[in-house]
Amino acid sequence: GILSATSLIAEDSKWSVSGQLRHRYSATDKDFADSTDFTSGTALRTRINLKFTPTDGVVGFVQLQDSRNYGEELSTLTDGSGDNIDFHQAYVVLDPFFMNSLSIKVGRFEAAYGPQRIIGAVGWHNISRSFDGVVFNYKTPKMDVDIFSLKDGMVDVSGVYASFDLLTNQKSQLFHVSDNNRST
C-alpha cells in the first residue's frame with residue numbers, strides 16, 4: 001500500500017513552500033513455488049518544494065528529494081552523509097519568451113508526453129525521473145508544441161511533441177523523439 005501526503009506549508013505572493021511524504025510498503029511472493037522466499041520492504045520518498053515568482057512571467061522551482069528503502073543504511077549513528085538527497089527538480093520558466101505564445105523552461109525537471117511510454121516522469125517509482133535540459137513551448141488554443149533537448153544520465157534525448165485539437169473532443173498527437181541510437 002501507499003500512504004502519501006502533500007501539503008502547502010507556506011505561501012505569499014512571491015514564494016510558496018510545499019512538500020510530499022510518501023510511504024510505501026510492499027510484500028511479494030512473486031510465484032506459487034514453495035522454494036521462493038517471501039520478500040517485503042518499506043520505501044520512503046520525501047520532497048520539499050520551493051516556488052518563487054518574482055514577477056509576472058518568471059517562475060523558479062526547486063525540489064529536494066530524499067528516496068530510500070528502510071534499513072539500507074548500515075548505521076544511522078555513523079552514516080550522516082545524505083547519499084539519497086538530490087535536487088529532483090530545479091528550473092526556471094519564462095512565459096512569455098519573446099512572444100505571447102512562446103515559453104521556455106531551463107534546468108532539471110520532470111518531462112512527460114502522451115501516455116509516457118517514450119518519455120515519462122515514472123512517478124510511481126520511489127525515485128522518479130527528471131531530466132536536465134531545455135523545452136521551448138508554443139501554445140495556441142488549438143495546438144501545443146514542445147521542442148526539447150534533454151539529458152538523463154548518459155542519454156541525450158531531443159525532439160518535438162505536438163498536440164492538436166482539430167475536432168471537438170478529439171486530440172491528435174504527433175512526435176519525433178531521438179536519443180543516442182534511435183529515433184521514433
Side-chain angles (χ1 to χ4, degrees), residues 1-11 16-51 59-93 105-135 146 148-159 161 163 171 173 175-184:
I2 296 175
L3 175 63
S4 179
T6 303
S7 66
L8 184 64
I9 298 168
E11 182 173 19
S16 69
V17 180
S18 62
Q20 177 193 64
L21 184 63
R22 190 185 79 175
H23 173 271
R24 176 188 288 169
Y25 173 77
S26 64
T28 184
D29 199 4
K30 294 189 184 177
D31 61 30
F32 297 106
D34 289 337
S35 60
T36 303
D37 290 335
F38 177 81
T39 60
S40 66
T42 302
L44 181 67
R45 180 170 78 191
T46 307
R47 290 179 173 173
I48 302 294
N49 310 319
L50 175 63
K51 183 177 178 182
V59 175
F61 184 78
V62 174
Q63 183 178 64
L64 291 173
Q65 175 175 279
D66 178 40
S67 296
R68 64 184 64 232
N69 295 317
Y70 283 17
E72 71 182 0
E73 293 181 47
L74 298 178
S75 171
T76 57
L77 180 62
T78 60
D79 182 6
S81 64
D83 294 340
N84 299 317
I85 298 172
D86 196 6
F87 283 102
H88 182 64
Q89 298 187 83
Y91 62 84
V92 174
V93 176
K105 181 189 280 189
V106 178
R108 174 176 287 182
F109 47 87
E110 292 182 346
Y113 293 102
Q116 299 188 41
R117 291 191 174 134
I118 297 175
I119 297 178
V122 195
W124 55 266
H125 192 276
N126 202 45
I127 297 171
S128 172
R129 179 183 294 135
S130 56
F131 299 88
D132 296 327
V134 60
V135 174
D146 279 2
F148 54 86
S149 177
L150 309 171
K151 186 168 187 74
D152 177 25
M154 301 291 289
V155 178
D156 294 315
V157 180
S158 61
Y161 204 98
S163 179
K171 192 172 267 193
Q173 298 175 337
F175 60 90
H176 179 264
V177 178
S178 296
D179 68 11
N180 297 350
N181 301 312
R182 10 166 224 204
S183 290
T184 300

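Bear in mind the structure is a predicted one, so any value in this text is a computation, not a measurement.
Of all heavy-atom pairs between Val134 and Phe109, the closest is N-CZ, 4.1 Å. Nearest heavy-atom pair, His88 versus Ile127, reported as atom, atom and distance to 0.1 Å: CE1-O, 3.7 Å. Closest approach of Gln89 to Glu110, counting heavy atoms only: OE1-N, 3.1 Å.
The shortest distance between side-chain heavy atoms of Asp66 and Ile48 does not fall below 4.5 Å. When side chains are defined from C-beta on, Arg22 counts as touching Asn126, because their heavy atoms get closer than 4.5 Å.
Side-chain contact annotation: Ser18 with Asn49, donor-acceptor N/O pair under 3.5 Å present.
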Kindly list each side-chain donor-acceptor pair under 3.5 angstrom involving residues 112-123, sequence neighbours excluded, with atom names and distances?
residue: Tyr113; atom: OH; partner: Asp146; partner atom: OD2; Å: 2.8
residue: Gln116; atom: OE1; partner: Ala121; partner atom: N; Å: 3.2

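Without hydrogens or angle criteria, Thr42 side chain to Tyr70 main chain gives no donor-acceptor distance under 3.5 Å. At least one donor-acceptor pair closer than 3.5 Å links the side chain of Arg45 to the backbone N or O of His125. Asn180 places a side-chain N or O within 3.5 Å of a backbone atom of Asp156 that can act as its donor or acceptor partner. A distance-only check finds no donor-acceptor pair linking the side chain of Ser130 to the backbone of Arg108 [under 3.5 Å]. Using a distance-only test at 3.5 Å, with no hydrogens or angles considered, a donor-acceptor pair links the side chain of Asp179 to the main chain of Asn181.
Enclosure of atom NZ in Lys171 is not indicated, since only 12 or fewer non-hydrogen atoms of other residues, nucleotides or ligands lie within 6.0 angstrom.
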Applying side chain to side chain contact (heavy atoms under 4.5 Å, CB included) to Phe87 and Leu64, what does each step give before you reach the verdict? CA-CA 5 Å; Phe87 283 102; Leu64 291 173; 3.5 Å; yes
What verdict does the side chain to side chain contact (heavy atoms under 4.5 Å, CB included) test give for Leu44 and Leu21, after you've listed the backbone C-alpha separation in whole Å, the side-chain angles of each residue and the deciding distance to 0.1 Å? CA-CA 7 Å; Leu44 181 67; Leu21 184 63; 3.6 Å; yes
With side chain to side chain contact (heavy atoms under 4.5 Å, CB included) as the test, would you mind laying out the steps for Gln20 and Gln65 before giving the verdict? CA-CA 9 Å; Gln20 177 193 64; Gln65 175 175 279; over 6 Å; no
